[in-house]
Every structure is written in C-alpha cells, then in structure tokens.
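Everything below concerns the one structure shown next.
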Amino acid sequence: MLLDVVTITEKDYTPCSKANSSKDSVKHMLQSFKYLFSCNLVLSRSLSGYVSRMRYLMRLKEDDEACREALKSGKVLLYHKLSPLLRKTSSGYKLASLKTSDLEQILEKVGKDKHIVNESFLLGCTDKDEPQFSLDVGDLDRSALEQECRGMFVDLRKAFFMIPGPESPLAAKGQALLRWHQTNCFCSATGQPTVRNQSGSFRVCHSSGITYYPKMAPVVIVLVSDGSRCLLARQAMFPPGMYSALSGFCDMGESVEEALHREVAEEVGLEVENLQYSGSQHWPFPQSSFMLACHATVNPDKTQVNIDKAELEDARWFTYEEITEALQNLPRDPRREPPVFWVPPSYAIANQLLQEWANHQQLSRKLHGLK
C-alpha cells in the first residue's frame with residue numbers, strides 16, 4: 001500500500017544557520033521526515049498486532065486445511081473476467097466484499113455449484129483478522145450475478161477512479177493473483193498441468209517437481225527534474241491529455257540504477273546525473289509489475305529532449321505551477337471529459353513522485369523567498 005506523502009510546511013522548518021538554507025539542507029530535511037514517518041508506521045503496526053496477523057497469514061498459506069477453514073468465515077472479492085465487483089454507497093462506490101455463506105447462496109441461485117467458492121485465492125486479512133479471498137466467476141452470466149450481488153463489475157482501470165484510495169491495492173492484488181493462476185496452468189518444462197495449493201500462494205508440477213510462485217516484473221519509474229521543472233511524457237495508449245513519469249522494464253541482470261539511466265537515455269535522450277529512491281508499488285498492468293520509483297536530476301544546461309517516437313508520443317518539461325494545478329484538478333469520473341493536461345491519480349506511484357517534487361519545490365521557494 002502506498003504511504004501518504006509527508007507535506008512539509010514553513011512551520012516545520014527552523015533554520016539553525018545560514019548553511020541550513022542550502023539545497024543539501026532541504027534534501028536532508030526531506031529524508032529525515034520520510035525516515036521519521038517510516039518509524040511511526042512500523043511502531044503503529046506492532047501495536048496493532050501486525051506481527052501476529054502476518055504469522056496467521058503465513059500459516060494459512062502453508063496449511064491447506066487451515067486455509068479451507070478460514071475461507072468458511074472469510075470474505076470474498078468477486079471478479080468477472082478480471083473486473084472487480086463494486087457496490088454503490090451513499091458516498092460513491094466501494095469494493096464488494098461478500099461473506100462466503102452469502103456467496104454460496106448467490107451461486108446456487110444462478111445455477112452454479114456453491115463449492116466453486118473453494119477455488120478462491122487468499123489475499124490477506126483485515127485489521128480485524130478477517131481473511132480475504134478473490135474469486136473469478138467469468139464463466140457465469142454477468143447480468144444475473146450483478147442483480148443477485150446488487151452491484152456491477154467494472155474494468156479495473158475505471159474502478160480505480162471510483163473506489164476509495166485505500167481499496168485500490170487490494171483490488172489490484174486480487175486481479176493480479178487471478179491473472180497469474182489463469183496463465184500458469186501448465187509447467188513450462190513438461191507441458192503438464194500444474195496444481196495449486198489451497199491458498200494459491202504457489203503451483204506445483206507433480207511430473208517435474210517444479211514449484212511456481214506468483215511473480216512481478218521489476219519496472220523503474222522516474223521523475224526527471226532540471227532543478228525548476230520536471231519532465232513528463234505520454235504514450236499513444238494513454239487517455240487523452242494524461243502525462244506521467246518515465247518508466248520501463250528492467251533488463252535481465254540490470255540494477256535499478258542501470259535501468260533508470262538506460263531508460264531515460266533511450267526514451268528522451270538525456271543523461272541522468274543524480275538519483276534518489278522514493279518508494280515502490282505493485283501495479284497490475286499490463287500483467288503484474290513491481291514499480292520502483294525514483295527522482296533524478298539532469299544538468300540544467302542539457303535539457304534538450306530527443307524523443308524515441310517508437311516509445312513515446314510526446315515528452316516535455318512542466319513548471320511547478322502547471323504541476324500543482326494538475327495535482328489539484330485530477331479527473332474524478334472516467335466517463336467525463338478529462339482536463340487538457342492531467343496526471344495519474346493518487347493511487348499511482350507517479351502521483352506520489354509528483355507530490356514529493358511539488359513539496360520540495362514549495363519548500364525551496366519559501367527558503368529562497370520566492371512565491
């Protein structure tokens with residue numbers, strides 16, 4: 001799950017000397033606040049039973065019988081051809097979480113064996129230790145299920161605009177796990193069927209003895225800055241008007257640093273001088289990616305962009321004012337016309353990079369007496 005970005009305001013900063021107004025001081029402050037925030041997160045998790053909850057989940061992953069028992073009292077996120085089920089509430093939409101017993105009754109009403117609930121995959125558990133599972137029922141009639149479940153199945157990209165931010169990682173994880181199992185039914189060495197364990201944490205080929213685990217492809221995503229502007233790009237497949245940070249898959253054997261330098265050079269013809277790690281995020285598109293987010297800088301005298309047209313439709317520099325306006329005017333409804341220029345919404349780690357960059361620019365401007 002993405003952490004909330006720490007916003008640093010003028011009252012958070014008390015200069016101790018003239019040297020503290022330097023760029024190095026600003027950088028040090030941002031790192032310190034992020035460290036303190038991380039410590040608080042770890043402490044709160046320990047106090048809320050995080051360790052016991054993780055050990056409980058590990059037992060469910062390893063013990064098939066315990067997992068089957070947990071499913072009986074658990075809740076299931078339902079998908080239809082990888083589209084999650086949403087329900088409308090007084091404040092908007094949210095993920096539909098069905099009790100196993102209720103789901104079994106619904107399945108019987110639409111003429112399906114209730115025991116297909118046992119094909120669910122373990123996702124995690126709530127703060128109240130309620131086990132959570134995902135199940136795809138794409139072979140059943142969609143409209144009949146929507147009527148019985150009092151909801152609707154929505155494409156995940158659209159669902160991200162409709163559901164609360166904290167629910168996005170769970171919806172993404174559910175789809176990613178379902179997709180992985182659907183595409184790994186056979187052993188790559190023997191061609192024989194693979195068999196899942198009850199939780200869905202792995203699949204085994206009994207012919208070869210090979211065990212397969214769900215995988216994520218590492219991807220670097222980087223926000224490049226020349227000190228006062230940041231560089232955003234768009235692919236032809238992006239929604240109209242949307243620009244995002246540069247990103248690309250890591251090649252075999254590459255480090256994050258090597259992949260980042262290479263991607264920036266390939267896509268926009270710039271040479272990165274410095275980089276700083278920001279955070280990470282699971283991303284379900286196009287398959288299942290592990291996004292490693294970084295900030296990077298280039299020489300302010302060498303900012304001429306040379307776009308690789310095979311990769312990008314456009315790339316250009318944006319000012320602080322343009323970014324802050326875009327962050328404040330994110331599209332809320334995918335069915336409406338989006339702004340002329342907009343950036344990925346809050347659930348995407350690209351948005352986190354932009355928020356951090358804007359916060360850094362704001363602090364830097366205040367330190368130097370700029371508006």
Answer yes or no: are there more than 12 heavy-atom neighbours, outside [X] itself, under 6.0 Å from its atom [atom1]?
X: Glu266; atom1: CD; value: yes
X: Arg150; atom1: CZ; value: no
X: Lys99; atom1: NZ; value: no

Between [X] and [Y], which heavy-atom pair has the shortest distance, and what is it?
X: Pro345; Y: Asn351; answer: O-CB, 3.2 Å
X: Ser201; Y: Pro214; answer: O-CD, 3.2 Å
X: Pro239; Y: Trp342; answer: CB-CZ2, 3.5 Å
X: Leu60; Y: Cys67; answer: O-CB, 3.3 Å
X: Asp301; Y: Asn299; answer: N-OD1, 2.8 Å

Legend entry - Over-ring placement of Arg316 relative to Tyr243, 6.0 Å and 45° cut-offs: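 Geometry flag: set, cation within 6.0 Å and 45°.
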Legend entry - Aromatic Phe285 / basic Arg157 pairing, under 6.0 angstrom, 45° off normal: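 Yes.
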Nearest 0.5 Å, please: how far is [atom2] in [Y] from [atom1] in [X]?
X: Glu119; Y: Ser134; atom1: CD; atom2: OG; value: 11.5 Å
X: His295; Y: Gln276; atom1: NE2; atom2: CD; value: 7.0 Å
X: Ser199; Y: Arg59; atom1: OG; atom2: CZ; value: 12.5 Å
X: Ile106; Y: Lys114; atom1: CD1; atom2: NZ; value: 13.5 Å
X: Ile349; Y: Gln355; atom1: CD1; atom2: CD; value: 12.5 Å
X: Leu177; Y: Gln182; atom1: CG; atom2: CD; value: 10.0 Å

Inset, instruction - Report the C-alpha distance between Glu263 and Ser247 in whole Å, list the side-chain angles of each, state the deciding distance to 0.1 Å, and finish with yes or no for side chain to side chain donor-acceptor pair (under 3.5 Å). - result: CA-CA 7 Å; Glu263 282 292 337; Ser247 62; over 6 Å; no
Does [X] come within less than 4.0 Å of [Y], counting only side-chain N to carboxylate O?
X: Asp127; Y: Arg53; answer: yes
X: Glu321; Y: Arg365; answer: yes
X: Arg229; Y: Asp226; answer: yes

Keeping the roles fixed (side chain from [X], backbone from [Y]), state whether a donor-acceptor pair exists under 3.5 Å.
X: Asp136; Y: Lys81; value: yes
X: Glu271; Y: Val264; value: no
X: Glu322; Y: Thr319; value: yes
X: Arg87; Y: Cys149; value: yes
X: Arg196; Y: His181; value: no
X: Gln198; Y: Asn118; value: yes
X: Gln132; Y: Leu77; value: no
X: Gln175; Y: Tyr79; value: no
X: Asn274; Y: Thr297; value: no
X: Ser52; Y: Gly49; value: yes

Any chain of hydrophobic side-chain contacts (each under 4.5 Å) joining [X] to [Y]?
X: Met242; Y: Val340; result: no
X: Met54; Y: Leu122; result: yes
X: Tyr212; Y: Leu178; result: no
X: Leu156; Y: Phe161; result: yes
X: Trp180; Y: Phe249; result: no

Inset, instruction - Answer yes if the ring centres of Phe290 and His282 are under 6.0 angstrom apart, and no otherwise. - result: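 Centroid distance Phe290-His282: not below 6.0 Å, so no.
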Inset, instruction - Determine, stepwise, if the pair Leu145 / His80 fulfils side-chain contact (heavy atoms from CB on, under 4.5 Å). - result: CA-CA 9 Å; Leu145 278 170; His80 190 278; 4.2 Å; yes
Inset, instruction - Show the numbers, then the answer: is there a side-chain contact (heavy atoms from CB on, under 4.5 Å) between Gln235 and Leu312? - result: CA-CA 5 Å; Gln235 297 178 355; Leu312 302 176; 4.2 Å; yes
Legend entry - side chain to side chain contact (heavy atoms under 4.5 Å, CB included) partner of Leu353, chosen from Ser278, Cys230, Ser244: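 Exactly one candidate clears the test, Ser278.
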Check whether any side-chain heavy atom of [X] sits under 4.5 Å from a side-chain heavy atom of [Y], and report yes or no.
X: Leu270; Y: Leu231; value: yes
X: Glu356; Y: Gln352; value: yes
X: Leu135; Y: Leu103; value: yes
X: Ile210; Y: Thr194; value: no

Using distance alone, with no hydrogens and no angle criterion, decide if [X] and [Y] have a side-chain donor and acceptor under 3.5 Å apart.
X: Ser208; Y: Gln192; answer: no
X: Ser143; Y: Asp141; answer: yes
X: Ser225; Y: Trp357; answer: yes

Inset, instruction - Could you name each residue pair satisfying salt bridge (Lys or Arg N to Asp or Glu O under 4.0 Å) that touches residues 232-257, not counting sequence neighbours? - result: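 For residues 232-257: Arg234-Glu313, Asp251-Arg262, Glu254-Arg262.
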Inset, instruction - Any chance you could lay out the side-chain contact (heavy atoms from CB on, under 4.5 Å) test for Val256 and Tyr277, step after step, and finish with the verdict? - result: CA-CA 10 Å; Val256 172; Tyr277 175 76; 5.9 Å; no
Inset, instruction - Measure the acute angle between the ring planes of Phe318 and Phe341, then classify it against the limits of 30° and 60° as parallel, tilted or perpendicular. - result: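 Ring orientation of Phe318 relative to Phe341: parallel.
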Inset, instruction - Output all residues satisfying salt bridge (Lys or Arg N to Asp or Glu O under 4.0 Å) with Asp139, sequence neighbours left out; order by chain, then residue number. - result: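 In terms of salt bridge (Lys or Arg N to Asp or Glu O under 4.0 Å), with neighbours along the sequence ignored, Asp139 is linked to Lys112.
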Inset, instruction - Please lay out, stage by stage, how Met162 and Leu86 fare under the test side-chain contact (heavy atoms from CB on, under 4.5 Å). - result: CA-CA 9 Å; Met162 303 166 66; Leu86 307 187; 4.3 Å; yes
